[in-house]
Amino acid sequence: MDPLERATAVARETEPSGWAVIADDVMRRARQLRRQDDPILADVRPDGSRTVVSSRVVVDLLRTDLTQDASYAPDDLTLTVTGERLDTVGVALVAAFGVDLVTMADDVRARVLAVLEGLLPRLADAREQVSVDVAVVDVVDGDPRRV
């Protein structure tokens, strides 16, 4: 048996003291983590069939869209859903130094609403209002997508 195989065998046979407690604690905490996953009603057809979209999908699409502009980057995205209805999108942004923050917030709101209207036709058809709350949580020199 070569030295690497012997070292691997020894490592597998011996367990550091306290490892079981640490591993159990890590696994317990990992199981407690829950990423928001609320159903959002996207569409209802005349025959009564429904299309529901996971809030995870909405957040992922918004994050992808909001990383296209080098003047800001999403730090956090939150959705408020009540009874399968999307009420609020919260967008926490990191902005580049020198950007007009009011113009940036208007652009972010427009982008969020465009993504939502493309994904959730019910919003456009019913003219439902979704509040888009934009907060600037940090300002950095350079491209905030690289922070």
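Quick note: numbers below take in every heavy atom, side chains included, and nothing from hydrogens, waters or symmetry partners.
Contact record, Asp69 with Arg111: CB-NH1, 4.4 Å, taken as the closest heavy-atom pair. Here the shortest heavy-atom pairing between Arg56 and Asp37 reads NE-CB, 3.6 Å. Residues Leu66 and Pro74 approach most closely at O-CD, 3.5 Å, considering heavy atoms. Ala95 and Pro144 get closest at one heavy-atom pair: C-CG, 4.1 Å. For the residue pair Ala70 and Ala96, the shortest heavy atom distance occurs at O-CB, 4.4 Å.
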- Query: When you look at Val89 and Val58, which way does the side chain to side chain contact (heavy atoms under 4.5 Å, CB included) test go after all the steps?
  - Reply: CA-CA 10 Å; Val89 176; Val58 176; 5.9 Å; no
- Could you please spell out the steps behind the side chain to side chain contact (heavy atoms under 4.5 Å, CB included) verdict for Met104 and Leu93? CA-CA 10 Å; Met104 179 195 67; Leu93 293 174; 3.8 Å; yes
- List the steps, then state whether side chain to side chain contact (heavy atoms under 4.5 Å, CB included) holds for Phe97 with Val140. CA-CA 5 Å; Phe97 183 76; Val140 297; over 6 Å; no
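Side-chain contact between Pro39 and Val53: absent, with no pair of heavy atoms (C-beta onward) separated by less than 4.5 Å. Contact annotation: the side chain of Leu79 never approaches that of Thr88 to less than 4.5 Å [non-hydrogen atoms, C-beta and beyond]. Between Tyr72 and Asp107, the closest side-chain pair of non-hydrogen atoms falls below 4.5 Å. Residues Arg50 and Asp43 are not in side-chain contact: their nearest non-hydrogen atoms beyond the backbone lie 4.5 Å or more apart.
Residue Val52 shares its hydrophobic cluster (ILVMFWY side chains chained together at separations under 4.5 Å) with Leu41, Val44.
A salt bridge does not link Arg63 with Asp65: every distance from a Lys NZ or Arg NE/NH1/NH2 to an Asp or Glu carboxylate oxygen is 4.0 Å or more. Salt-bridge check for Asp87 with Arg85: passed, with a basic side-chain N closer than 4.0 Å to an acidic carboxylate O.
Across Val136, Leu77, Asp75, a single residue satisfies side chain to side chain contact (heavy atoms under 4.5 Å, CB included) together with Val91, and that is Leu77.
Between Asp133 and Ser131, the side chains place a donor N or O and an acceptor N or O closer than 3.5 Å (distance only, hydrogens not considered).
The distance from the CG atom of Asp106 to the CG atom of Leu101 is 11.0 Å, given to the nearest 0.5 Å. From Leu113, atom CG reaches atom CD of Gln129 across 8.0 Å, with rounding to the nearest 0.5 Å. Taking OG1 of Thr51 as the start and CG of Leu120 as the end, the distance is 10.0 Å to the nearest 0.5 Å.
In this structure a side-chain-to-backbone donor-acceptor pair under 3.5 Å is missing from Arg145 to Ala73.
Around atom CZ of Arg45, no more than 12 heavy atoms belonging to other residues, nucleotides or ligands sit under 6.0 Å away.
Under the rule for a salt bridge (charged side-chain N to carboxylate O under 4.0 Å, His left out), the partners of Arg146 that lie at least two apart in sequence or sit in another chain are Asp143.
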